[in-house]
Chemist: 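Mind having a look at this structure? Questions to follow.
Chain identifiers are assigned alphabetically (A, B, ...) following the order of the sequence lines, protein sequences preceding nucleic acid strands; residue numbering begins at 1 within each chain.
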There are 2 protein chains.
Amino acid sequence: MDRIDSKLLTLLQEDASRTNADLAAEVGLSPSSCLRRIRRLKSAGVIDRVVALLNPAKAGRGMKAIVTVELERHGEQHMRRFLELAVMEPAVIQAYSVSGSTDAVLMLRLMDMDEFDTFCERLFRDRTNVARYYTMFVIRTAKETTVIPL
Amino acid sequence: MDRIDSKLLTLLQEDASRTNADLAAEVGLSPSSCLRRIRRLKSAGVIDRVVALLNPAKAGRGMKAIVTVELERHGEQHMRRFLELAVMEPAVIQAYSVSGSTDAVLMLRLMDMDEFDTFCERLFRDRTNVARYYTMFVIRTAKETTVIPL
DNA sequence: CTTGAAAAAAAGTGCCC
DNA sequence: GGGCACTTTTTTTCAAG
């Protein structure tokens, strides 16, 4: 992982549709050397995958919410069971167990309030062991990047 | 935006490195028709961009934290000013203004506690108008996807 | 106006130095 | 790491529905 690898990763994190020849020129390498490095980074798992990112509003899911959850009964088993349920929900795009007074944090991508309503009824009803949950609706997104700084 | 477009978007959200011929076969279209659809989705902005996702741990940033922030002085100007500062930080991967008793939520990608320490000193010191902030460190990531369900 | 087939261009791949 | 021949893929063109 030298300077050139970092540069390549930064470029690919911003735009993975660039051609190998392009990338090679940018980092000052021959196309074959450049390709070798990229393949190495992929097989080493540093590059996990290449994906298309959609415009949420244009994909019909412009609404976003952050939910903090406190469980009724704590402990590893209960946490695991709750997260298993949360993960199954398509609206849940991020699910974490966290330190502090809250047990879990969920990030939701929703179509509208109706979807939020049915989601809550499903995930936060009696049998799911949720004591309390607090919802913060996203008003403005100032930054949202998948780029990991190197 | 018919059934085939949705299928294409779902496939591309999961793996954008698939070849056009592959995608065409999957959705039952000729390569040329398939390419036309993908290009249309790109120019319409439904597909925002194609990026490489890194393995955070292998990229040296395995630590994650969620920070809720309450500002000293509220209002549009102050919120905007705070978010401008937050957005400039490379460790901040998501920054939102939200509804409820907290004003903003930040998602951080960090190398270690030292980075968190210097980050807090920089962003949450007196002059930045932050009244209170509460940090939740991510213990376990149960789900983390960029896929918007269609 | 949309579709698919085939040619042309471009990119990716593997081998040798 | 670089250069070159080979393969695959993308992209354009064009004829047909």
Side-chain angles (χ1 to χ4, degrees), chain A residues 1-62 111 144-150, chain B residues 1-61 90 111 144-150:
Chain A
M1 268 284 261
D2 57 6
R3 187 75 198 78
I4 293 178
D5 279 347
S6 295
K7 186 83 184 285
L8 279 174
L9 289 173
T10 301
L11 292 169
L12 287 171
Q13 283 191 98
E14 282 158 5
D15 181 5
S17 67
R18 297 183 64 169
T19 68
N20 182 52
D22 231 34
L23 291 166
E26 190 90 32
V27 300
L29 237 60
S30 73
S32 53
S33 297
C34 184
L35 190 67
R36 250 195 302 274
R37 277 174 183 266
I38 293 171
R39 261 209 287 254
R40 193 168 47 69
L41 289 167
K42 270 182 187 154
S43 66
V46 182
I47 297 175
D48 185 45
R49 60 193 194 281
V50 174
V51 301
L53 301 182
L54 307 191
N55 180 320
K58 288 184 179 167
R61 291 203 171 232
M111 286 186 296
E144 198 163 67
T145 181
T146 56
V147 176
I148 295 173
L150 302 161
Chain B
M1 268 284 261
D2 58 5
R3 186 77 197 77
I4 294 179
D5 279 345
S6 294
K7 187 84 185 287
L8 280 174
L9 289 173
T10 301
L11 292 169
L12 288 171
Q13 282 192 100
E14 281 158 7
D15 181 5
S17 67
R18 298 184 65 169
T19 67
N20 181 52
D22 230 35
L23 291 167
E26 189 91 32
V27 300
L29 238 60
S30 73
S32 54
S33 296
C34 185
L35 188 68
R36 249 193 303 275
R37 275 173 186 267
I38 293 171
R39 263 209 287 252
R40 193 169 45 71
L41 290 167
K42 271 181 187 154
S43 66
V46 181
I47 296 175
D48 185 46
R49 59 192 194 280
V50 174
V51 300
L53 300 183
L54 307 191
N55 179 319
K58 288 184 179 167
R61 291 202 172 234
M111 286 186 293
E144 198 163 69
T145 181
T146 56
V147 176
I148 296 172
L150 301 163

Chemist: Give the nucleotide from the list dT10(D), dG4(C), dG2(D) with an atom nearest to the side chain of Ser32(B).
Modeler: dG4(C)
Chemist: In whole angstrom, give the distance that lies between atom CZ of Arg37(A) and atom C1' of dT13(C).
Modeler: 18 Å
Chemist: How close or far is atom C1' of dG12(C) from atom CZ of Arg18(A), stated in whole angstroms?
Modeler: 17 Å
Chemist: Take atom CD1 of Ile38(A) and atom P of dG14(C), then tell me their distance rounded to the nearest Å.
Modeler: 14 Å
Chemist: In this structure, how many angstroms lie between the P atom of dT8(D) and the CG atom of Asp22(B), rounded?
Modeler: 14 Å
Chemist: Taking OP1 and OP2 of dG14(C), is either one under 4.0 Å from a side-chain nitrogen or oxygen of Arg39(A)?
Modeler: yes
Chemist: If we only count heavy atoms from C-beta on, is the Lys58(B) to Ile148(A) side-chain gap below 4.5 Å?
Modeler: no
Chemist: Thr19(B) side chain: which of dA11(C), dG4(C), dT10(D) is closest?
Modeler: dT10(D)
Chemist: Tell me: CG of Asn20(B) to P of dA10(C), nearest whole Å?
Modeler: 18 Å
Chemist: Testing the basics here: between Ala59(A) and Leu54(A), what is the closest heavy-atom pair and its distance to 0.1 Å?
Modeler: CB-CD1, 4.1 Å
Chemist: Quick one: which of dG4(C), dG2(D), dT11(D) gets closest to the side chain of Ser30(B)?
Modeler: dG4(C)
Chemist: Please compare Pro31(A) and Gly28(B) by the position of their nearest nucleotide in DNA chain C and report the one closer to 5'.
Modeler: Gly28(B)
Chemist: Taking atom P of dT3(C) as reference, at what distance in whole Å does atom CG of Leu35(B) sit?
Modeler: 13 Å
Chemist: Please name the pair of heavy atoms, one in Met1(A) and one in Asp5(A), separated by the smallest distance, quoted to 0.1 Å.
Modeler: CA-OD2, 3.6 Å
Chemist: May I ask you to decide if Asp48(A)'s main-chain N or O and Asn55(B)'s side chain share a donor-acceptor pair within less than 3.5 Å?
Modeler: no
Chemist: Of the nucleotides dT3(C), dG2(D), dA11(C), which one has an atom closest to the side chain of Arg36(A)?
Modeler: dG2(D)
Chemist: In whole angstrom, what separates Leu29(B)'s CG from dT11(D)'s C1'?
Modeler: 16 Å
